[in-house]
Engineer: 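If you scroll down you'll find the structure; I have some questions about it.
Letters A, B, ... mirror the listed sequences (proteins, then strands); counts begin at 1. The figures here come from the full heavy-atom set of this structure, side chains too, leaving out hydrogens, waters and symmetry mates.
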Amino acid sequence: MTATPARVRFAPSPTGRLHIGGGRTALYNYLLARQTGGQFILRFEDTDRARYQPETEKEIIDGLHWLGIDWDEGPDKGGPHAPYSQSERKEIYLAHAEKLIASGHAYRCFCTAARLAELRKRQQETKETPRYDGLCRTRTPDDVAARLAAGEPHVVRFKMPKTGSVTCVDRIRGEIVVENANLDDSILVKSDGWALYHLAAMVDDREMEITHVFRSSEWLPSFPLHVHIYNAFGWDQPEWVHLSVFLKPSGKGKMSKRETAEMVEDGQSIFLTDLEGLGYLPEAVNNWIALMGWSYDDRTEFFTMEDLIAKFSLDKLNPAPAAINFSKFDHFNGLHIRALDPDDLAGRLLPFFHRAGFEADLETLRKITPIIQERVKTLDDAPEIAGFFFKGSISTTLEELIPRKTTQAEAAAIAAGALEILERLPDLAHDTTDAPLRAMAEEMGFSAGQVFGVLRGAVTGQSVSPPLLETMEILGREVVLERVAGAASALSS
RNA sequence: GCCCCCAUCGUCUAGGGGACCAGGACGUAGCCCUUUCAAGGCUAAGACCGGGGUUCGAAUCCCCGUGGGGGCACCA
């Protein structure tokens, strides 16, 4: 797909943790930039100094890097339109606000916060739509000058036309026509001199030559305002792309702060920087979130980053909100785990064994990985399944040593018989142990399952394990014989 | 209350007038494979929100209703 290079940006505000919704917005931006050979820009919208949380800037950067998303311009690496943090661009916004005032598209408003609160309260009581009543809209230049000279605090408001309508074009939804009479005189610059999103983001997108504005559909209500602002400056509109929001798994509304916190306690999370620790692969996260609101065709669902870059298309974006589906997430994680080169997987597994308290080494893990690769859904499953490989000794209960439909005496006979066979074999490679053990089962009148069951319990201490013969091969002769002997004596007592 | 958006299986979705008694995926159930557990294969149940139009013909286009979602800050 060839297109003109897109200049896109991900512009989070460092006021909270980065979740999968933001991750998806960043991903789509990134995909379009890489697909078209354009640029992807990271910008921090940190004009709200009260809600600013510096540590979330690092979290955003770490989260995006983990996903494999990198940017061409940003606060941490500069670029032709630096600075890339809005807190450093205050004067630019102020200058633009002045332009708007001069051209009659904005005005200074001296109403106090108290009056505004009072106004809003009254409007709510009379069930009117809460909005500014326009008191300062018609002040004379002399009046304004006098108040300015007196140092009266004021904000700058957009002078919304009272009549007519505005047509907003969204890439996903098409034309949205809104009556100007329904729109408010929104504040553009606060009394402390900081620009609000409405002004700052528009100015930055323009200055940074952004071609496609990806943002959450939560912005749809102020979309008309933003179109008006662009028009007031005489600028051409960018492509506006309003992404549908993510709904909680039940599909009933957005995830609340409290619910996301509860989720973390339950060992699940929508925060990017939690997902790594929970054993998810960034490849799976990308695949999963890319498909929430976007599709390729009627059957392809497995995508690598390269696939996504090649196949992403604005035309296939879906306007409807999507409920988060964690079981599908697990499914994708499994697919990507199985698609990994085993040595690569072993390297990713290592920290999970260490964290679970096992003194695992990469060399042994590389031997184990092929037999557990298709058994783990998340990386943190692995120590549970294969931790016994790194235990000096295992403790088994009689229950674990006796398979179903088998008596203790039978299990004891199996253990003793198997021990005898294994001791005589030159090595415990899985293809040398296979035939003798099966032959023994037949001679003794047991099913292979019974024999393997006893040995599984003896060797792994678990009733569920990776394939037994391969497991014994990796464990080694000494350990296997010791454990089987231990089981034989336990069973015969 | 007002404004805006959306509407296909439980969930994510394909579908853009006839190719659809609606396809795929997750999940669920069953079977096969099998030393356990997985993985894999096969099968099953499961949806076009309702009502009007337009049309020879509508899941697809239009209108109304209903339902769901989002927003109404000197937050973003």
Side-chain angles (χ1 to χ4, degrees), chain A residues 11-13 15-16 45-48 50-51 109 111-113 116-117 120 123-124 126-131 153-157 168 170 172-173 176 178-179 182-184 186-192 194 196-198 200-201 215-224 242 244-245 247 249-254 288 291-302 316 318-332 334 338 371-377 381 385 403-404 434 437-438 441 447-457 460 462-469:
Chain A
S13 102
T15 55
E45 309 217 319
D46 54 351
T47 55
D48 186 348
R51 294 201 308 156
C109 169
C111 294
T112 63
L116 263 21
R120 187 157 37 238
Q123 287 167 332
Q124 276 164 350
T126 56
K127 304 214 168 180
E128 280 175 85
T129 304
R131 57 207 283 196
H154 67 280
V155 301
V156 177
R157 284 183 186 275
C168 309
D170 173 65
I172 307 179
R173 283 156 264 257
I176 299 168
V178 180
E179 294 298 319
N182 288 325
L183 270 17
D184 202 0
S186 299
I187 293 174
L188 265 21
V189 181
K190 296 192 277 184
S191 56
D192 63 6
W194 283 103
L196 250 20
Y197 175 92
H198 301 311
R215 33 144 62 164
S216 157
S217 66
E218 289 162 312
W219 287 108
L220 241 21
S222 46
F223 187 15
H242 291 90
S244 65
V245 294
L247 270 23
S250 65
K252 302 282 181 200
K254 288 200 305 179
W288 180 48
L291 252 22
M292 296 178 71
W294 174 80
S295 61
Y296 178 61
D297 60 18
D298 64 344
R299 49 197 68 251
T300 316
E301 287 212 324
F302 182 89
K316 305 286 278 181
N318 190 330
I324 297 169
N325 184 344
F326 285 105
S327 64
K328 190 124 186 183
F329 185 21
D330 284 341
H331 167 72
F332 278 125
R338 275 168 255 135
I371 61 171
I372 63 170
Q373 184 156 20
E374 61 193 29
R375 282 160 236 274
V376 293
K377 261 199 163 58
D381 288 343
I385 296 172
R404 291 192 316 155
D434 190 39
L437 287 174
R438 286 180 193 279
S447 71
Q450 286 174 297
V451 172
F452 287 118
V454 173
L455 287 176
R456 169 170 289 107
T460 70
Q462 304 171 357
S463 53
V464 171
S465 83
L468 180 67
L469 270 21

Engineer: Take nucleotides 60-73 of chain B nucleotide by nucleotide from the 5' end and write B, S or -, depending on whether a protein heavy atom sits under 4.0 Å from the base, only from the sugar-phosphate, or from neither.
Structural biologist: ---------SBSSS
Engineer: Once side-chain contact (heavy atoms from CB on, under 4.5 Å) is applied, do any residues pair with Ser222(A), and if so which ones, sequence neighbours excluded?
Structural biologist: His198(A), Trp219(A), His226(A)
Engineer: Evaluate the side-chain proximity of Arg299(A) to Asp297(A): yes if any heavy-atom separation is below 4.5 Å, no if none is.
Structural biologist: yes
Engineer: Pairing check on C21(B): which nucleotide meets the Watson-Crick or G-U wobble criteria with it, both distances under 3.5 Å?
Structural biologist: none
Engineer: Check side-chain hydrogen bond (donor to acceptor under 3.5 Å, both in side chains) between Arg120(A) and all other residues, then give those that pass, not counting sequence neighbours.
Structural biologist: none
Engineer: Is Cys168(A) touching bases, backbone alone, or none of the nucleic acid, heavy atoms closer than 4.0 Å?
Structural biologist: nothing
Engineer: Expressed in whole Å, how much space separates the C1' atoms belonging to U28(B) and C21(B)?
Structural biologist: 24 Å
Engineer: Using a heavy-atom cut-off of under 4.0 Å over every strand shown, decide if Ala113(A) touches base, sugar-phosphate, or nothing.
Structural biologist: base
Engineer: Is any side-chain heavy atom of Cys168(A) closer than 4.5 Å to a side-chain heavy atom of Arg173(A)?
Structural biologist: no
Engineer: Please report, rounded to the nearest Å, how far the P atom of U11(B) is from the CZ atom of Phe326(A).
Structural biologist: 16 Å
Engineer: Between U36(B) atom C1' and Arg404(A) atom CZ, what is the distance in whole Å?
Structural biologist: 10 Å
Engineer: Using atom C1' of each nucleotide, how far apart are A19(B) and C32(B) to the nearest Å?
Structural biologist: 34 Å
Engineer: What's the closest nucleotide to the side chain of Lys316(A) if the choices are U35(B), G15(B), C3(B)?
Structural biologist: G15(B)
Engineer: Would you measure the distance from the P atom in G17(B) across to the matching atom in A59(B) and give it in whole Å?
Structural biologist: 13 Å
Engineer: Would you mind classifying the nucleic acid contact of Gly334(A) as base, sugar-phosphate or nothing, using non-hydrogen atoms under 4.0 angstrom?
Structural biologist: nothing
Engineer: Identify, between Ser250(A) and Arg456(A), the residue whose nearest nucleotide on RNA chain B lies closer to the 5' end.
Structural biologist: Ser250(A)
Engineer: Within the structure shown, what part of the strands sits under 4.0 Å from Pro467(A) by heavy-atom distance: base, sugar-phosphate, or nothing?
Structural biologist: base
Engineer: Should the ring pair Trp288(A) and Phe326(A) be called parallel, tilted or perpendicular, given that the plane angle runs from 0 to 90° and is split at 30 and 60?
Structural biologist: tilted
Engineer: Suppose we screen for side-chain hydrogen bond (donor to acceptor under 3.5 Å, both in side chains). Which residues come up paired with Arg51(A), at least two apart in sequence or across chains?
Structural biologist: Asp48(A)
Engineer: Rounding to an integer number of angstrom, what distance separates A22(B) and G41(B) when you compare their P atoms?
Structural biologist: 24 Å
Engineer: Only counting residues at least two apart or in another chain, list the ones meeting side-chain hydrogen bond (donor to acceptor under 3.5 Å, both in side chains) with Lys190(A).
Structural biologist: none
Engineer: Mind checking the P distance from C42(B) to C48(B)? Whole angstroms is fine.
Structural biologist: 27 Å
Engineer: Could you work out the separation of U54(B) and U11(B) based on their P atoms and round it to a whole Å?
Structural biologist: 33 Å
Engineer: Check whether any side-chain heavy atom of Arg438(A) sits under 4.5 Å from a side-chain heavy atom of Phe452(A), and report yes or no.
Structural biologist: yes
Engineer: Does any part of the side chain of Val245(A), heavy atoms only, come nearer than 4.5 Å to the side chain of Glu218(A), both counted from C-beta?
Structural biologist: yes
Engineer: Assign each of Glu374(A) and Pro249(A) to its nearest nucleotide of RNA chain B by heavy atoms, then name whichever residue's nucleotide is nearer the 5' end.
Structural biologist: Pro249(A)
Engineer: Partner lookup for G65(B), please. Criteria are Watson-Crick or G-U wobble with both distances under 3.5 angstrom; report none if nothing qualifies.
Structural biologist: C49(B)
Engineer: Do Met292(A) and Phe329(A) come close enough that some side-chain heavy atom pair is under 4.5 Å?
Structural biologist: no
Engineer: What integer distance in Å separates Arg375(A):CZ from U34(B):C1'?
Structural biologist: 11 Å
Engineer: Mind checking Ser447(A) for me? I need base, sugar-phosphate or nothing, with any heavy atom below 4.0 Å counting as a touch.
Structural biologist: nothing
Engineer: Looking at residues at least two apart in the chain, or sitting in another chain, which of them share a ring pair (Phe, Tyr, Trp, His ring centres under 6.0 Å) with His154(A)?
Structural biologist: Phe110(A)
Engineer: For the side chain of Arg173(A), counting heavy atoms from C-beta on, which of C74(B), A76(B), C6(B) is nearest?
Structural biologist: C6(B)
Engineer: Determine the interatomic distance between P on G30(B) and the same-named atom on G70(B); round to the nearest Å.
Structural biologist: 37 Å
Engineer: Can you tell me how far C1' of C75(B) sits from OH of Tyr197(A), to the nearest Å?
Structural biologist: 12 Å
Engineer: Quick one: Asp434(A) CG to U35(B) P, roughly how many Å, whole number?
Structural biologist: 9 Å
Engineer: Under 4.0 angstrom, heavy atoms only, what part of the nucleic acid is Ile176(A) near: base, sugar-phosphate, or nothing?
Structural biologist: sugar-phosphate
Engineer: Pick base, sugar-phosphate or nothing for Leu468(A), based on heavy-atom distances below 4.0 Å to the nucleic acid.
Structural biologist: base
Engineer: Would you measure the distance from the C1' atom in U60(B) across to the matching atom in A7(B) and give it in whole Å?
Structural biologist: 14 Å
Engineer: Would you mind classifying the nucleic acid contact of Lys127(A) as base, sugar-phosphate or nothing, using non-hydrogen atoms under 4.0 angstrom?
Structural biologist: sugar-phosphate
Engineer: May I ask you to say what Pro403(A) touches in the nucleic acid, namely base, sugar-phosphate or nothing, with a heavy-atom cut-off under 4.0 Å?
Structural biologist: nothing
Engineer: Which residues satisfy the side-chain hydrogen bond (donor to acceptor under 3.5 Å, both in side chains) test with Ser191(A), sequence neighbours excluded?
Structural biologist: none
Engineer: If the condition is side-chain contact (heavy atoms from CB on, under 4.5 Å), which residues does Asn318(A) pass it with, not counting sequence neighbours?
Structural biologist: Ala320(A)
Engineer: Applying a 3.5 Å limit to both distances, which nucleotide forms a Watson-Crick or G-U wobble pair with C72(B)?
Structural biologist: G1(B)
Engineer: Tell me the interatomic distance from Asp330(A), atom CG, to U11(B), atom C1', rounded to whole angstroms.
Structural biologist: 14 Å
Engineer: Counting only Watson-Crick or G-U wobble pairs whose two distances fall under 3.5 Å, which nucleotide matches U28(B)?
Structural biologist: A44(B)
Engineer: Is any side-chain N or O of Arg338(A) closer than 4.0 Å to OP1 or OP2 of G40(B)?
Structural biologist: yes
Engineer: On the nucleotide C6(B), are OP1 or OP2 found under 4.0 Å from the side-chain N or O atoms that Ser244(A) carries?
Structural biologist: no
Engineer: Is a donor-acceptor pair below 3.5 Å formed from side chain Ser191(A) to base C74(B), judging by atom type as modelled?
Structural biologist: yes
Engineer: When the distance from CG of Leu469(A) to C1' of U35(B) is rounded to whole Å, what number comes out?
Structural biologist: 8 Å
Engineer: Assign a letter to each nucleotide of nucleotides 19-31 of chain B from its 5' end: B, base within under 4.0 Å of a protein heavy atom; S, sugar-phosphate only; -, no contact.
Structural biologist: ----BBBSS----
Engineer: Atom CD of Gln123(A) to atom C1' of C3(B): distance rounded to whole Å?
Structural biologist: 15 Å
